[in-house]
Amino acid sequence: MSEESSGLLRRRRRKNSLFTVLLAIPVIIVVFILGHMLGKIFINGVKALNLDFFTKAQKPFGEPGGGIANAIIGSVIVVLLATVISLPIAVLVALYLAENPEKRIAKTLLVVVNALQGLPSIIIGIVIYSWMVVPMKSFSALAGGVALSFIMIPLLTTTIREIFVLVPGSYREAALSLGVPRWRTTVGVILPAALPGILNSTGLGIARIAGETAPLLFTAFGSPYISTALGKPISTLPLIIYEYIKSPYDDWHQKAWGAALLLVCFVLLITVPMNLRKDRSKG
Amino acid sequence: MPSHDILHMELNFPSDHIALSTKNLEVIYADGARAVKGISLSIPKKATTAIIGPSGCGKSTALRAFNRMNELIPGTVTKGEVLFHSRNIYAPSIDPVTVRTNIGMVFQKPNPFPKSIYENIAWAARIHGHKGNCDELVESCLRKAALWDEVKDKLRRSAMSLSGGQQQRLCIARTLALTPEVILMDEPTSALDPLSTASIEELTSELKKDYTIIIVTHNLQQAGRISDMTAFMLLGDLIEYAPTKKLFVNPEDERTERYITGRFG
């Protein structure tokens, strides 16, 4: 009996270590790929960094020097614009979806929002091109912001809806038992309770759209000049990476790596602390 | 102690001693389940009435019908009458908000708002038109709920930092801020440890001097300790309703006897 069970135990231990090894392999692969990628970007990108890189606009073809200030400013403007457009819409739609889960309109809306999330981003670019760029007869920062907001709205709506759903129903019950009207409950209890989560989702949403290129190709288009005008074409980090890496110049290639490093740092700066915070709030 | 008088009181109290009464109260959920099957009872003023019965007997549903809380559950139908100041609270002319400010509720799990201790009490009071400084209101409510001494130095701290028992007393204080006449308590101690339970029980016997308390409880000893009247429910029916001492010592219905002696439920 004891011999039999010790044999069973040995077999179990063997299986256990086999599975540990099997699981370790993909983990090592993923960490290696990610580490290699980040390392490559860092090694190539760090050479491009100097004061001019951050403060000067790009130079015309072939001319050495210059920086990517136009793209940094452009990225900030376009992303900010998209966030300002998306956040209020997403919060209101998410609130409606969370508060009226049984309503038919809400169910339909949820399907639409999920479908929008799967829309290829280049298609959003074409749509905004025909909606805004053609009638306005110009590529513009505004069109770029709107295009990015089409990616951000469904993303934020789904994540913020989940946050509202997670707000304990007992708060609503408590407010109701105190005779508080529904809208006061929403503004006074539900929104404040959901606020940290909403900020978190917004941060992750910003990180996501900051790297979008395709919707900007025929909306923001790109521009070599430092510009803050919403009605004019504007460059962004992904656009300048795209433009520079296609060029035949070594100097531009290096700047593209520099821009890539900047973008990666920005995204990691937002997502890493937020993912850590998410874990902590769960624990 | 009014409980002494109540002991000798007949079940048909004089009408000015009645805080709340029901006539053929019936609650049907969206799935067709009749959770409460037509109960009629009168709750005496400034006393504690306990509703006991096994799980699923409809006692919580009945309690929630007393201040129209079942309306939060879509598809719930309430029939019959709940009379409060001789008016049916389900009459179309009655605003549920008025009902709920006069008939407060404390829930099974303490559910303070994720706000400061101070705001938990002041928020709803302000919404209902309490003007100006709420300091006095907050202090008097916390004193009545026997929580003042424990929290007076940290009113601005989050209510979530309090212990479960303190949170439950805060919820009671929050209800008191609206100066209700009746306080409904839905198993208010089932999520608390014995010490916190004792403090809530002590509090209810203090509060019944000024308020009418209706408490649903799973705990027979608790009903025996704190209530003046006890109603026993089974499968949605009101089986027996009597002064607590009588119901526990000399129940009339055999099913009541079987339940309180622990032979089922």
- Item | Top contributor to chain A contacts, counting heavy-atom pairs under 4.5 Å, from B:Leu178, B:Thr101, B:Thr98 | B:Leu178
- Message: I'd like to know if the side chain of A:Thr158 and the backbone of A:Leu155 have a donor-acceptor N/O pair within less than 3.5 Å.
- Response: yes
- Query: Which bit of B:Lys109 is near chain A, if near means a heavy-atom gap under 4.5 Å: side chain, backbone, both or neither?
  - Reply: neither
- Message: With a 4.5 angstrom heavy-atom cut-off, is it the side chain or the backbone of B:Pro74 that approaches chain A, or both, or neither?
- Response: side chain
- Task: Drop me the distance from B:His128's NE2 to B:Arg100's CZ, to the nearest 0.5 angstrom.
- Result: 10.0 Å
- Message: Counting only non-hydrogen atoms closer than 4.5 Å, does A:Glu173 touch chain B with its backbone (N, CA, C, O), its side chain (CB onward), both, or neither?
- Response: both
- Item | Neighbour count above 12 (heavy atom, 6.0 Å) for A:Ile105 CD1 | no
- Query: Under 3.5 Å, is there a donor-acceptor pair between the side chain of A:Ser75 and the main chain of A:Ile72?
  - Reply: no
- Item | Sorted by number, residues from residues 117-127 of chain B in contact with chain A (heavy atoms, under 4.5 Å) | B:Trp123, B:Ala124, B:Ile127
- Task: Measure A:Pro168 against the heavy atoms of chain B and call it side chain, backbone, both or neither at under 4.5 Å.
- Result: neither
- Task: For the pair A:Ser149 (side chain) and A:Met152 (backbone), establish whether a donor and an acceptor sit closer than 3.5 Å, ignoring hydrogens and angles.
- Result: no
- Message: Does atom CD (B:Glu71) have a neighbourhood of more than 12 heavy atoms from anything else shown, all under 6.0 Å?
- Response: yes
- Query: Is chain A contacted by the side chain of B:Arg64, its backbone, both, or neither, given a heavy-atom distance below 4.5 Å?
  - Reply: side chain
- Atom CG of B:Leu170 and atom CD of B:Gln166: how far apart are they, to the nearest 0.5 Å? 9.5 Å
- Please step through side chain to side chain contact (heavy atoms under 4.5 Å, CB included) for the pair B:Leu203 and B:Arg169, ending with a clear verdict. CA-CA 9 Å; B:Leu203 180 58; B:Arg169 275 178 283 154; 3.7 Å; yes
- Message: Does this structure show an ion pair linking B:Glu181 with B:Lys45, if we count only N-O contacts that are shorter than 4.0 Å?
- Response: no
- Query: Do any of residues 182-199 of chain A come closer than 4.5 Å to chain B, heavy atom to heavy atom, and if so which ones, in number order?
  - Reply: A:Arg184, A:Thr185, A:Gly188, A:Val189, A:Ala193
- Message: Atom CZ of residue position A:Phe42 - does it have more than 12 heavy atoms of other residues, nucleotides or ligands inside 6.0 Å?
- Response: no
- Exactly one candidate in B:Ile39, B:Val77, B:Thr76, B:Ile73 meets side chain to side chain contact (heavy atoms under 4.5 Å, CB included) with B:Val27; the answer is B:Thr76
- Message: Does B:Lys154, at its NZ atom, have more than 12 non-hydrogen atoms belonging to other residues, nucleotides or ligands within less than 6.0 Å?
- Response: yes
